[in-house]
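Take a look at the structure set out below.
For the single chain, residues carry numbers from 1 onward in sequence order. Any value given below was found using the heavy atoms of this structure, including those in side chains, with hydrogens, waters and symmetry copies removed.
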Amino acid sequence: MEATKLFNHHHSFHLRNHSKDPEKLQLFSTVPLFSKNISFIKKSSLSSNSQTHFTSLNFHEKPSLKPQNKDGFSSNKLIMEFSEQGLFEDVIRVYVRMLRNGFQVQDFKFFPCVIKSFGGLSDVKSSRQIHGHVLKLGFLADVYVVNALLGMYFKCGEIKDAVQVFEKMGERDLVSWNSMISGFYQSKDYLGSLMIFSLMTKEHGLFPNRVGCLSAVSSCASIKSLILGREIHGFVLKNGLENDEFLVSGLIEMYMKCGDVRNAEHVFNSIVNKESVRVNTVIWNVMIMGYVSNECLSKAQELFVEMLELEIEPDSSTLVAALVLCTQLLDLSLGKQIHRLILAFGLENDTRIQTALIEMYFKCCYPESALKIFRRSHSDNLVMWGAVISNSAQNDFPFRALELFCNFMSKYGFPDSQMLLAVLRSCSSLALKAKGMEIHCLAVKTGCVSDFYVGSSLVDMYGKCGDIESAQNIFSRLRFRDLVAWNALICGYSQNEWVDEALAAFCDMQREGIRPNSVTTACILSVCAHLSVRILCKEVHCFLIRQGWNSNVLVSNSLIAAYAKCGDINYSWIIFENMHERNQVSWNTIISALGMHGDMDKMFASFVKMQHAGMKPDLVTFTSLLSACSHAGRVDMGCNFFQSMVEEYKLQPQVEHYTCMVDLLGRAGHLSQAYDLVMDMPCEPDDRIWGSLLGSCRSHGDEKLAKVVANHLFELDATSIGYRVLLSNLLEDLGKANEVVKVRSEIKDMGLKKQPGCSWIEIDNDIHVFVAGDCSHHQLEEIYPVIDSLTLELKQAGYVPHLPLTTLLLDEPV
């Protein structure tokens, strides 16, 4: 590390008045410039964290005017060699030593190499100092020196300085123009690169070389400008550069990125039969990757096979492209064959290939193989870690994603924004607010919180964790709100039943010029379902038809659920029947909808059709089936489904399945069996299970079991008024007046208040809301006589209403 320290100590670059006295000419100040040895740097790997190794090169203690090393090579020769090898620090050291030893800079011919070295270090301050140095020495008349300054400023990211140098040039050659074209491209100012190209050819009548053409073509590819790309292609053809291998690959890439597969094929076919070009692996790689990016997967596969048949040896880029192909095809068999090919070529330790393999195995639902490759790699590559963490989060392994993230943090420090996105997704799916807040703090520390993708994920995380206020706060601070950010906010409102806010955000989003997509409408349909407002559901449906999204699977699934919850099962069934494509969620949704409306026969028929369609029932499917059996009182069928879920489909029942079974048995009067099932559960019963059993106890008048169940309930949630009222009503039904008073006294002492019941009905597109005890409806005088008339008809039909011993008034604390 001594060489690096030496350079850092002399970082400031000071120029005094030019003098022939070497003692008065000082480039680096404050510390003696040179010791006996000069070190040059060899980088051992491509990793940013790679260790730096140093070797020493000895100079004579008393060098001559032009010092020689012990092997007889001049310092000029050393400067050129170090520059070619990218050893920029050593170039500068050698040059400074030459000055220290009295070298006459007027005779120096290697200023371009020295200037290039300053650019290679990307040190703006020192680069401007060397510029001042050559200016004072009068070398700016040399076009080669000025061209080197152009390249130096572009490498330092100082485009304005490069432009100023270019504008002041007294003489410009082809290299000057090509440096400007390439510099703008490398600085990602693609339009600037193309403007310089146009200025050079049209106004100055000069023709760029292949380097300038390649930068211009690459700029067209980056901005996906097919028209400009074709113009440059024509220029290449006119100037006889069509056989240049670099330009051929650049043109193919440009056409592929612009989606013009046909012209890309034309360029490829025009050179593929030329022996000198055919063996160029890069051209094949660009073509294969272009097919993959344009979803021409069969053509990509055929071209890869053809390449192997022609005995053109694939490199790491070829195999990465092939693995991306397998990932998009979800073809595990082909992926394994490519993996064997990688082993045969000895490329299994290539980081890019390992990352692509991990991605392929994860996407093909083979996570264990992906993790095996990752563990063997022992890599510190940020992209690979990001791929593993991100795929773990996306493939329902959120805990594993969090564990890997913690391992990365302990070993390598701060993550990048992509990794934070993956971890926030895990926190969202697990609703881990505390962990999510830790990631939020980390995003602030690393500066990633300004990334609007991270900001959108934070909105989503807080929404999923039920903290809508924090989600709103993050959203309001976003400098740029795209569709993803709005969707995160609207879905957060929807999932937390903030229905008015969800609808308002939906309108605000469109006012800001953001068009909703299928995810947005799915969230809004969820709001419609929650409100059970059919007219609103129809409005959204019409909007979807106008947008042409009615064939979207996600949208169709949401429509089925929304119409079912709005009471229109016929519309749900029509939408399901008209679907061209159905996934697992589609079948689960229609089965749930049919069960909700009590259409048992059609529901069971749909379950059979689902299996015939090759869809395997999952936990959601069985939740719908068991719930329907419970409401229909089909005990035997429900028990059969529960047994089939465990034994035939090897699914582990969750709390919701046990809740359905307890409800099923309880409704049928099998209270002891229901209680035994709860006690034998492998997971901890929640208040919903005990609440269901308590309701069954009331229905069947089992006071003894009811008190046992109530004790379990109050241990879980002592402040739940609903279950205390339920127990009170049960005791009231049994005529236990003293115990009723005791329960209600406890409610009063605890300060609990029952939320008044609320319901609404839609008539002629108008919503009518009714709250218990509320007399504010404008048609009140018409409504109550109708209710009295219906009650009289019910009594005449033989209905005997259940009259409680006491009446709970709304002004009571219950």
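More than 12 heavy atoms of other residues, nucleotides or ligands lie within 6.0 Å of CE in Met615, so this atom counts as buried by the packing criterion. Other residues, nucleotides and ligands contribute at most 12 non-hydrogen atoms within 6.0 Å of the CD atom of Glu295. Around atom OH of Tyr190, more than 12 heavy atoms belonging to other residues, nucleotides or ligands sit under 6.0 Å away. Annotation for Phe414: atom CZ does not count as buried by contact number, only 12 or fewer foreign heavy atoms lying within 6.0 Å.
Between Lys435 and Glu438 there is a salt bridge, with a side-chain nitrogen of the basic residue lying less than 4.0 Å from a carboxylate oxygen of the acidic one. The pair Glu368-Arg400 meets the salt-bridge criterion, since a charged nitrogen lies less than 4.0 angstrom from a carboxylate oxygen. For Arg688 and Asp686, the salt-bridge test passes: some basic side-chain N is under 4.0 Å from an acidic carboxylate O.
Side-chain atoms of Ser586 and Asn583 include a donor-acceptor pair closer than 3.5 Å. Using modelled atom types and a 3.5 Å distance limit, the side chains of Ser215 and Ser193 yield no donor-acceptor pair. Checking Ser457 against Asp460 by side-chain atom types alone, no donor-acceptor pair falls below 3.5 Å.
If you run side chain to side chain contact (heavy atoms under 4.5 Å, CB included) between Gln394 and each of Ser390, Pro398, Ser392, only Ser390 comes through. Here the rule is ring-ring contact (aromatic ring centres under 6.0 Å, His included) with Phe475, and of Tyr462, Trp486, Phe452, Tyr493 only Trp486 fits it. Looking at Phe362, Tyr361, Trp385 one by one, the single match for ring-ring contact (aromatic ring centres under 6.0 Å, His included) with Phe374 turns out to be Trp385.
If you check the gamma sulfurs of Cys537 and Cys528, they are not less than 2.5 Å from each other.
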**Prompt:** Does the pair His266 and Tyr255 meet the rule for a ring pair (Phe, Tyr, Trp, His ring centres under 6.0 Å), with working shown?
**Reply:** CA-CA 10 Å; His266 176 74; Tyr255 280 122; 8.9 Å; no
**Asked** Which is it for Cys523 and Cys491 under the disulfide (SG to SG under 2.5 Å) test, yes or no, and what are the steps along the way?
**Response** CA-CA 5 Å; Cys523 291; Cys491 290; 2.0 Å; yes
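A distance-only check finds no donor-acceptor pair linking the side chain of Gln328 to the backbone of Val324 [under 3.5 Å]. Here the side chain of Ser627 pairs no donor or acceptor atom with the backbone of Thr623 at under 3.5 angstrom.
When all heavy atoms of Lys363 and Thr327 are compared, the closest pair comes out as CG-CG2, 3.4 Å.
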